[in-house]
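Working notes for the structure below.
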Amino acid sequence: MDLCIIGSGYVGLVSGACFAEVGHHVVCVDNDQRKVDMLQAGQIPIYEPGLEELVHRNVAARRLRFTNSIEDGVDHSQIVFIAVPTPPQVDGSVDLTYIERVAREIAGVLKPGQYRVVVDKSTVPVKTGEKVADTIKRYNKGAEFDVVSNPEFLREGCAVPDLMSPDRIVIGSASDRATDLMKRVYEPFQAPILVTDVNSAELIKHAANSFLSLKISYINAVAAICEASGADVEMVADGIGMDKRIGRNFLNAGLGYGGSCFPKDVKAFIAISKQLGTPFKLLEEVERINGSMLTRFIEKVREKLWVLKDKNIAVWGMTFKPDTDDVRNSVAIDLINHLAGAGAHVTAYDPKGAEKAVEWKLIDPAKVKICATPLEACKDAECLILATEWKEFANQDFDAVKAAMHTPLIFDGRNLFSPETMRDFGFTYYAVGRAGAK
Ligand code: UGA
């Protein structure tokens with residue numbers, strides 16, 4: 001099929017590459033000329049395992065191309081996906097100006113007799129589909145189109161496998177013609193397809209992300225009780241997670257959730273529920289618990305070091321999760337800035353995120369020393385903090401780490417290491433909600 005994806009961010013670019021990989025012809029449209037130039041030159045603006053090969057292979061096979069022209073994309077495609085950002089506003093509600101603008105632009109280039117399915121892939125509040133349809137109609141009276149909601153559930157860091165083998169595909173549609181075309185797009189993925197009305201599909205996305213955030217906050221609240229009682233949250237998570245009704249996924253205690261989805265989507269769902277007159281107070285508690293994790297953790301570090309000012313603190317990890325270079329809304333970055341703000345000498349290392357952290361001015365290299373290796377960060381450190389659970393951190397030479405440090409003290413913000421192993425290496429080891437780690 002001929003598909004157009006408007007917006008070449010995480011969702012748009014990975015979706016475009018995966019659609020091309022299964023044999024569709026895909027035009028990716030972006031209004032950022034610099035990004036289009038990069039992609040046309042074979043450079044991938046984001047780090048996502050497997051994405052570069054996928055893009056190169058499909059560009060070479062002429063199934064994937066990039067342009068800045070919406071008209072080009074819409075003209076050559078039966079289905080037009082919208083995958084532009086929906087950032088949060090100050091009050092937590094969603095800024096839909098990019099969606100509205102794209103809807104107007106699509107209306108502006110739709111020609112008479114050109115039926116198109118306009119698919120919203122961005123995360124949007126319930127009832128956005130209705131507004132997109134109204135907007136297209138208002139700016140193009142004769143337009144022939146249907147609006148479909150098709151939320152995306154990929155995770156950064158494993159976006160390609162998530163997209164190629166999804167748990168489910170949700171298609172929110174009020175038109176059989178559009179639903180049939182959408183089913184053909186997804187046929188090669190061999191995943192279960194759930195067809196719903198448009199509003200339900202939109203709600204599924206916010207409800208799913210909020211539920212996953214709730215799971216994380218739940219286990220983090222349990223971690224606090226574990227710390228107070230001498231239990232071990234990892235064992236508790238294993239024990240409750242073995243119940244199939246609960247499941248072990250997303251029960252990893254630590255510094256809390258970050259990134260550009262969960263914090264924004266929980267806030268948005270709170271705002272949407274308020275607007276609809278059915279406030280979702282449970283989610284306010286989810287947010288409160290999440291925010292408290294970093295505060296509690298820093299308090300633990302402060303308790304041990306007494307004062308943070310002038311202390312050498314090594315931090316491993318800057319990205320909001322492993323296997324990505326995304327540092328937006330990263331708890332690790334908040335942690336680093338808090339320590340540096342308190343006067344500590346922070347030496348930080350991340351396998352992929354350091355460059356963007358500096359480029360996007362999230363970290364000031366005049367205040368935080370960015371290191372080239374994990375070991376370099378540990379030189380003379382009075383403690384080491386693990387902030388993001390990259391696999392490479394688990395495989396370090398801990399004798400060398402200990403020898404490099406001033407004091408063998410580790411605070412593990414993601415429960416990556418085993419308390420026994422760290423003790424055997426001679427470290428004093430603290431983690432989150434782990435009895436054996438105190
Ligand atoms: C999340 C959802 O998992 C995806 O399904 C969704 O498509 C995406 O948001 C989106 O809305 O676009 P993502 O934010 O990329 O994906 O990454 P996750 O793996 O969900 O991690 C989010 C945060 O939760 C990270 O900071 C991670 O460290 C934290 N987390 C995750 C925990 O603290 N504990 C866990 O057990 C799991």
Side-chain angles (χ1 to χ4, degrees), residues 7 9-15 18 46-49 83-88 94 120-125 150-163 165-170 202 204-223 233-234 236-238 240-241 246-269 286-287 289-294 297 317-335 353 386-390 412-416 431-433:
Y10 273 98
V11 170
L13 185 57
V14 182
S15 305
C18 291
I46 49 173
Y47 170 72
E48 187 61 45
V84 295
T86 49
V94 181
D120 183 24
K121 236 189 195 315
S122 305
T123 303
V124 292
N150 171 221
E152 182 46 62
F153 300 102
L154 64 79
R155 289 161 299 171
E156 289 182 24
C158 40
V160 173
D162 276 358
L163 225 141
S165 337
D167 286 351
R168 81 305 206 181
I169 310 285
V170 174
E202 290 168 341
I204 284 170
K205 174 67 193 220
H206 270 128
N209 272 5
S210 296
F211 187 79
L212 292 168
S213 306
L214 180 143
K215 251 187 128 174
I216 298 169
S217 278
Y218 184 88
I219 201 66
N220 279 334
V222 171
V233 74
E234 294 299 314
V236 175
D238 288 346
I240 60 177
I246 298 173
R248 180 63 176 82
N249 290 332
F250 281 67
L251 283 182
N252 296 321
L255 290 170
Y257 60 79
S260 50
C261 301
F262 285 174
K264 162 178 95 97
D265 291 350
V266 170
K267 271 197 177 23
F269 211 25
V286 166
E287 270 200 312
I289 294 168
N290 196 54
S292 73
M293 296 316 289
L294 180 60
F297 189 79
M318 294 181 211
T319 51
F320 83 99
K321 62 178 285 189
D323 296 322
T324 176
D325 61 352
D326 198 347
V327 280
R328 291 172 296 173
N329 291 312
S330 167
V331 186
I333 298 273
D334 290 346
L335 169 79
L386 180 121
T388 313
E389 68 278 31
W390 285 89
D412 182 350
R414 295 289 174 186
N415 291 358
L416 178 69
V432 180

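First listed ligand is number 1; within each ligand, the first listed atom is number 1. For clarity, every value in this text was computed on a predicted model and none was experimentally measured. The residues of the chain are indexed from 1 along the displayed sequence.
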Quiz item: Going by the atom numbers of ligand 1, which of them fall below 4.0 Å from some non-hydrogen atom of Leu251?
Solution: 36 (O)

Quiz prompt | atom 30 (N) of ligand 1: the protein heavy-atom neighbour that sits closest, reported with distance to 0.1 Å | solution = Ile216 CD1, 3.4 Å

Quiz item: Relative to ligand 1, is Asn252 under 4.0 angstrom through side chain, backbone, both or neither, heavy atoms considered?
Solution: both

Quiz item: Which residue and non-hydrogen atom of the protein lie closest to atom 33 (O) of ligand 1, and at what distance in Å?
Solution: Arg414 NH1, 3.4 Å

Practice problem: Heavy-atom contacts with Lys205 under 4.0 Å: which atoms of ligand 1 show up? List them by number with element. | Solution: 6 (C), 7 (O), 10 (C), 11 (O), 12 (O)

Quiz item: Are any of the side-chain heavy atoms of Leu163 and Ser15 separated by less than 4.5 Å?
Solution: yes

Quiz item: Tell me, do Asn252 and Asn415 make a side-chain contact under 4.5 Å, heavy atoms counted?
Solution: no

Quiz item: Going by heavy atoms, is Asn220 under 4.0 Å from ligand 1?
Solution: no

Quiz item: Among Tyr10, Phe262, Tyr257, Phe250, which one has a heavy atom closest to atom 2 (C) of ligand 1?
Solution: Phe262

Quiz item: Would Lys215 count as a contact of ligand 1 if the rule is a heavy atom under 4.0 Å away?
Solution: no

Quiz item: So which protein heavy atom does atom 27 (C) of ligand 1 come closest to, and at what separation?
Solution: Phe320 O, 4.1 Å

Exercise. Would you mind telling me which of Thr86, Val94, Thr123 makes a side-chain contact (heavy atoms from CB on, under 4.5 Å) with Asp265?
Key: Thr123

Quiz item: Is there a side-chain contact between Leu251 and Ile246, using heavy atoms and a 4.5 Å cut-off?
Solution: yes

Practice problem: If you have a sec, work out which protein heavy atom is nearest atom 8 (C) of ligand 1 and how many Å separate them, to one decimal? | Solution: Leu154 O, 3.4 Å

Quiz item: Are the side chain of Lys321 and the backbone of Tyr257 linked by a donor-acceptor contact shorter than 3.5 Å?
Solution: no

Quiz item: If you measure every N/O of Thr123 against every N/O of ligand 1, is any gap under 3.5 Å?
Solution: no

Practice problem: Using a cut-off of 6.0 Å, state whether more than 12 heavy atoms not belonging to Lys264 lie near its atom NZ. | Solution: yes

Quiz item: If you measure from each heavy atom of Gly258 to ligand 1, is any distance below 4.0 Å?
Solution: yes

Quiz item: To which protein heavy atom is atom 16 (O) of ligand 1 closest, and what is the distance rounded to 0.1 Å?
Solution: Arg155 CG, 3.6 Å

Quiz item: Going by the order shown, which atoms of ligand 1 are within less than 4.0 Å of some heavy atom of Gly256?
Solution: 33 (O)

Practice problem: Measure the shortest side-chain to side-chain distance between Pro49 and Tyr47 over non-hydrogen atoms and say whether it is less than 4.5 angstrom. | Solution: yes

Exercise. Within a distance under 4.0 Å of any heavy atom of Glu156, pick out the atoms of ligand 1 and give their elements.
Key: 15 (O)

Quiz prompt | ligand 1 atoms in contact with Glu152 (distance to a heavy atom under 4.0 Å) | solution = 7 (O)

Exercise. State, yes or no, whether a side-chain contact exists between Phe262 and Val286 at a heavy-atom distance under 4.5 Å.
Key: no

Quiz prompt | Heavy-atom nearest neighbour in the protein, as seen from atom 12 (O) of ligand 1, with distance rounded to 0.1 Å | solution = Cys261 SG, 2.9 Å

Quiz prompt | Nearest-neighbour protein heavy atom for atom 19 (O) of ligand 1, which is reported as residue plus atom name and distance | solution = Lys321 NZ, 2.7 Å

Self-check item: Separation between CG of Asn290 and CG of Asn220, rounded to the nearest 0.5 Å
Solution: 7.0 Å

Quiz item: So, the side chain of Thr324 versus the backbone of Gly157: is there a donor-acceptor pair under 3.5 Å, distance only?
Solution: no

Quiz item: Around atom OH of Tyr218, are there more than 12 heavy atoms of other residues, nucleotides or ligands at under 6.0 Å?
Solution: no

Quiz item: Can you tell me which residue and heavy atom of the protein come closest to atom 5 (O) of ligand 1, and the distance to 0.1 Å?
Solution: Phe153 O, 2.7 Å

Quiz item: Does a side-chain N-to-carboxylate-O contact under 4.0 Å join Arg248 and Glu234?
Solution: yes

Self-check item: Asp265: numbered ligand 1 atoms lying under 4.0 Å from its heavy atoms
Solution: 11 (O)

